[in-house]
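Hydrogens, waters and symmetry mates play no part in the numbers below; they use all other heavy atoms, side chains included. In what follows, chains are A, B, ... by sequence order, proteins preceding strands, each numbered from 1.
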2 protein chains.
Amino acid sequence: MARRFRGSEEVKVDAKGRVSIPAKFRRVFEASDPDWQAGKRAQLVIVYGTRDWNWLQLFTIEAMEEIEDGIARMPRGSAARNLLENIYQGHADEAEIDGDGRLVLPQKLREKIGLTDSAFFISAGDSLKVWTPEAYAEEERALEARVPELEPGADPLSLLAPAAAKDEG
Amino acid sequence: MARRFRGSEEVKVDAKGRVSIPAKFRRVFEASDPDWQAGKRAQLVIVYGTRDWNWLQLFTIEAMEEIEDGIARMPRGSAARNLLENIYQGHADEAEIDGDGRLVLPQKLREKIGLTDSAFFISAGDSLKVWTPEAYAEEERALEARVPELEPGADPLSLLAPAAAKDEG
DNA sequence: AGGGATGCCATGGGAATTCATGGGACGCAA
DNA sequence: TTGCGTCCCATGAATTCCCATGGCATCCCT
């Protein structure tokens, strides 16, 4: 089964903060949880990050282990390591997908990103980001604005070229 | 059950100095107290450290045993050993979580870190740090300021890359 | 090819339980 | 006797558990 997320999805958030994890994403969480087996609940980690994050980031167990290993290889006490520990360990929660395929987002986290009745999931490699649909629409506009060299209508893959073509004969 | 803390939480401090230990942290203290069993009170150690600490650090019993073993392996009488003993044994108290899931912070300790009506808990591996919310906000700003190479809006995980990305296949 | 039967999926809701928090009463010590 | 710490009880809110439903896609049998 795939170990990476692909695609995006919008789902309802009910009064209890439950969000149904779209099946295609759920499979990835299951496949990337070393302890998971059919019938059991897949574990995952919700990173809520520092005060300016207006999204949540859901990591598979394996992805989080990689991050933790990476952090562990950094010099103990270094500023960068402390910062990463602060985010990925200090501002993260363990969670699991319930028997109905849903994830319960605690009220605190819903409030942090302003989540009320709908949530937008979008793949980000080995993690899944959760936004309010409005916040994501905004983010998408901002994303484009951050790359002014891409003319409207141009093929985004043109951005790949400068990096790859250089050394070729 | 998990042996390591993850996440952060803000709780009320009442007039008697009681702070509710958030359930997810309480479980770690229970799991890491060799003598604990359902219904009993989990033991822990409060390290308040030297004069300049403006936080308290709560250690599980197991974590504290590891520290003590480490200290015991150091040359008796060495300056480093004396320093560690001073902090982790000389400036530490034993404590327990009461029947309602709360920890009572003695007035002395509350005063030391300026705790009045709210406390901020944040995970630090196998210990939990306790700050005033204000002091922690300050600390977090300082953490970020120490990593100027991280552009606002950049993925913090990019800090991991320099160490790991180059030789990867 | 039709037509149900089956099963997964997203969603909803009630009841039970846990959680964070507040308060009264008692005892001990300065 | 005034404050500080401990024990026990109370309560509203948040969270978990369990069960229910309608939609949609798939499978299988005829």
Gln43(B) side chain near Trp36(B) side chain, heavy-atom distance below 4.5 Å: no
Tabulate below the donor-acceptor pairs under 3.5 Å that side-chain atoms of residues 48-61 of chain B make, not counting sequence neighbours, or state none.
residue: Thr50(B); atom: OG1; partner: Asp52(B); partner atom: OD1; Å: 2.8
residue: Trp55(B); atom: NE1; partner: Gln57(B); partner atom: OE1; Å: 3.4
residue: Gln57(B); atom: NE2; partner: Ser127(B); partner atom: OG; Å: 2.9
residue: Thr60(B); atom: OG1; partner: Ala63(B); partner atom: N; Å: 3.0

DNA chain C-proximal residues of residues 16-25 of chain A, any heavy atom under 4.0 Å: Lys16(A), Arg18(A), Ser20(A), Ile21(A), Pro22(A), Ala23(A)
Any residue of residues 40-47 of chain A with a heavy atom less than 4.0 Å from an atom of DNA chain C: none
d(CG, Asp93(A); C1', dT15(D)) in whole Å: 14 Å
Short N-O contact, Arg27(B) and Glu30(B), less than 4.0 angstrom: no
Pairing residues for Asn86(B) by the side chain to side chain donor-acceptor pair (under 3.5 Å) criterion, not counting sequence neighbours: none
Distance in angstrom units between Leu103(A) CG and dT16(D) P, rounded: 10 Å
Pairing residues for Arg81(B) by the side chain to side chain contact (heavy atoms under 4.5 Å, CB included) criterion, not counting sequence neighbours: Ile71(B), Met74(B), Arg76(B), Ser78(B), Glu85(B)
Ring pair (Phe, Tyr, Trp, His ring centres under 6.0 Å) partners for Tyr88(A), two or more places apart: none
Under 3.5 Å donor-acceptor, Arg102(B) side chain and Ile21(B) backbone: no
Glu144(B) side chain reached by Leu83(A) side chain, heavy atoms, under 4.5 Å: yes
Interatomic distance where NZ belongs to Lys108(B) and P belongs to dG3(D) [whole Å]: 17 Å
Nearest-Å distance for atom pair CD/C1', residues Glu9(B) and dT15(D): 13 Å
All N/O donor-acceptor pairs, side-chain side in residues 113-125 of chain B, below 3.5 Å, sequence neighbours left out:
residue: Ser123(B); atom: OG; partner: Arg6(B); partner atom: N; Å: 3.1
residue: Ser123(B); atom: OG; partner: Gly7(B); partner atom: N; Å: 3.0
residue: Ser123(B); atom: OG; partner: Gly7(B); partner atom: O; Å: 2.7

All side chain to side chain donor-acceptor pair (under 3.5 Å) counterparts of Asp98(B), not counting sequence neighbours: none
Heavy-atom check, side chain of Leu105(B) versus side chain of Val13(B), under 4.5 Å: no
Residue pairs, two or more places apart or on separate chains, that pass ring pair (Phe, Tyr, Trp, His ring centres under 6.0 Å) and touch residues 10-35 of chain A: Phe5(A)-Phe25(A), Phe5(A)-Phe29(A)
Hey, what are the protein-to-nucleotides 10-13 of chain D N/O distances that come in under 3.5 Å?
none

Range on DNA chain C touched by chain A - first to last nucleotide, heavy-atom distance under 4.0 Å: dC9(C) to dA15(C)
Side chain to side chain donor-acceptor pair (under 3.5 Å) against Glu9(A), all qualifying residues, sequence neighbours excluded: Lys24(A)
